[in-house]
Amino acid sequence: MKIVISCAITGSIHTPSMSPFLPFRAEDIAAQALGAAEVGAAVLHLHARDPQDGRPSAALDHWCGFLPAISAGCDAVVNMTTGGSAVMSLAQRLAAPEAFAPEMCSLNMGSMNFALYPMADKPRDWRFDWEEPFLRGSDDLVFKNTPRDIAGVLQRMGVERGARFEFECYDVSHLYLLRHVMDRGLVPGAGQGAPIFLQFVLGVLGGIAAEPEHLLHLKATAERLFPRFEWSVLAAGRRQMEFATLAAAMGGHVRVGLEDNLYLGRGVLARSNAEQVARVREIVEALGRVVATPDETRAILGLKGKVMF
């Protein structure tokens, strides 16, 4: 099985003061996405930011600033977040995906604490006034995605718009909730040939920790629950490449990107998303894995085909 490399370009967790290389202007998001695709990322996981100050955004005009350039400039799968930011309402998070109807969306499989506040304790010069309060306030922040919310996303993005999903599972309980909604018949295409696509997310404070035994448990649980699935791994923070290596050796797919980790190695900031993609490609090819192209990825995941924006 060929290996799919996903790249999460900017996300909503890191703030501009943490790295001068984190893209938040539209032209930088587009350029970094195209760079990641050029060196091997078949899936581009995308969030929008306010180009003035880098705060997470749900505004359609901010999405319009980079989506057309990405779709015109490469063949990679565009994967739009439905998670957005934990401070957004569900309606805000879905506004852009509903408008653009991409071939893939992310879907967080449950509500959870999303604790970013330890990041605020590292000494730094804050570029924008929203950053420190945003991080410190996350000690009282819950990302809300109830079963009703999940059912709504599956209906509006899957049934009505034909998207397939990167099911982001931050803990074992999220796998059981996914099995539950599948048993209710809410996951489009499940049981009809195409596999579901699981993204095991480790290392977020509030979710499962980035420990090898936890990954083994997640995979074993998925094997009991789902007759057919593809799986990928991301580890938030410093264990990113370690867990990408482990996933590739276990036969899974991998996700990297500045949303998940700002560094290339210990104390060395990644200067671009492409640097991380190039590094993980070297690792997986050294293990004997063959990197999937975007069209091969579409076939593996049963996607509807490229969407032009």
Side-chain angles (χ1 to χ4, degrees), residues 1-6 8 42-43 45 77 79 82-83 104-112 145 147 150-151 153-154 158 163-204 206-236 239-256 260 280 283-285 287-292 296-303:
M1 172 64 72
K2 293 190 174 182
I3 185 168
V4 174
I5 298 177
S6 297
V43 177
H45 174 97
V77 175
N79 174 5
T82 68
M104 177 172 275
C105 287
S106 66
L107 179 54
N108 298 50
M109 285 310 300
S111 302
M112 59 181 287
N145 236 30
I150 290 168
V153 175
L154 290 169
R164 295 191 65 81
F165 295 91
E166 173 196 22
F167 290 106
E168 294 188 330
C169 298
Y170 291 73
D171 215 328
V172 178
S173 60
H174 291 180
L175 295 172
Y176 284 94
L177 186 56
L178 177 55
R179 180 68 261 177
H180 167 74
V181 297
M182 289 178 66
D183 289 342
R184 292 175 60 196
L186 301 179
V187 178
Q192 300 175 14
I196 59 171
F197 183 45
L198 305 176
Q199 186 71 256
F200 298 141
V201 183
L202 300 96
V204 173
I208 201 165
E211 299 293 344
E213 57 267 33
H214 292 326
L215 176 57
L216 296 174
H217 183 48
L218 287 166
K219 182 173 181 289
T221 302
E223 288 170 342
R224 290 196 301 273
L225 294 177
F226 308 113
R228 188 175 179 208
F229 66 95
E230 297 289 335
W231 62 282
S232 178
V233 174
L234 76 88
R239 305 191 76 175
Q240 179 188 63
M241 292 297 169
E242 175 188 347
F243 271 76
T245 304
L246 183 56
M250 292 169 60
H253 306 290
V254 297
R255 177 175 132 177
V256 294
D260 304 329
V280 82
I283 291 170
V284 303
E285 289 182 337
L287 292 171
R289 301 292 302 275
V290 177
V291 174
E296 289 169 337
T297 298
R298 290 181 173 97
I300 290 168
L301 300 180
L303 304 182

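None of these values were measured; they are calculated from a predicted model.
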Minimum heavy-atom distance between [X] and [Y], given as atom pair plus value:
X	Y	value
Ser106	Gly83	OG-N, 4.1 Å
Ala236	Val204	CB-CG2, 4.1 Å
Ala42	Thr297	CB-OG1, 3.2 Å
Met104	Val43	SD-CG1, 4.2 Å
Ala247	Val254	CB-CG1, 4.2 Å
Phe226	Leu175	CZ-O, 3.4 Å

Rounded to the nearest 0.5 Å, how far does [atom2] of [Y] lie from [atom1] of [X]?
X	Y	atom1	atom2	answer
Leu178	Phe165	CG	CZ	11.0 Å
Asp183	Arg179	CG	CZ	4.0 Å
Phe229	Lys219	CZ	NZ	6.0 Å
Leu198	Cys169	CG	SG	5.5 Å
Ile196	Trp231	CD1	CH2	13.5 Å
Glu168	Leu234	CD	CG	7.0 Å

Using a 3.5 Å cut-off and no angle test, enumerate the donor-acceptor pairs between side-chain atoms of residues 208-216 and protein atoms at least two apart in sequence or in another chain.
from, atom 1, to, atom 2, distance (Å)
Glu211, OE1, Arg239, NH1, 3.3

Could you tell me which residues satisfy side chain to side chain contact (heavy atoms under 4.5 Å, CB included) with [X], sequence neighbours excluded, listed by chain and number?
X	value
Ser173	Asp171
Arg289	Ile3, Ala248, Val284
Arg184	His180, Leu186
Ser232	Phe197, Gln199, His253, Arg255

Heavy-atom distance under 4.5 Å between the side chains of [X] and [Y], does that happen here?
X	Y	value
His45	Ser6	no
Val181	Pro147	no
Glu296	Val4	no

Has Asn145 got a side-chain atom pairing as donor or acceptor with Ile150's backbone, closer than 3.5 angstrom? no
Test side-chain contact (heavy atoms from CB on, under 4.5 Å) on Val256 and Met241; report intermediate values, then the result. CA-CA 8 Å; Val256 294; Met241 292 297 169; 4.1 Å; yes
Taking only residues two or more places apart in sequence or in another chain, which ones pass side-chain hydrogen bond (donor to acceptor under 3.5 Å, both in side chains) with Ser111? none
Matching residue for Glu166 among Asn79, Thr82, Asn108 - test: side-chain hydrogen bond (donor to acceptor under 3.5 Å, both in side chains): Asn79
Decide side-chain contact (heavy atoms from CB on, under 4.5 Å) for Gln240 and Val280; before the verdict, give the C-alpha distance in whole Å, the side-chain angles of both, and the deciding distance to 0.1 Å. CA-CA 10 Å; Gln240 179 188 63; Val280 82; over 6 Å; no
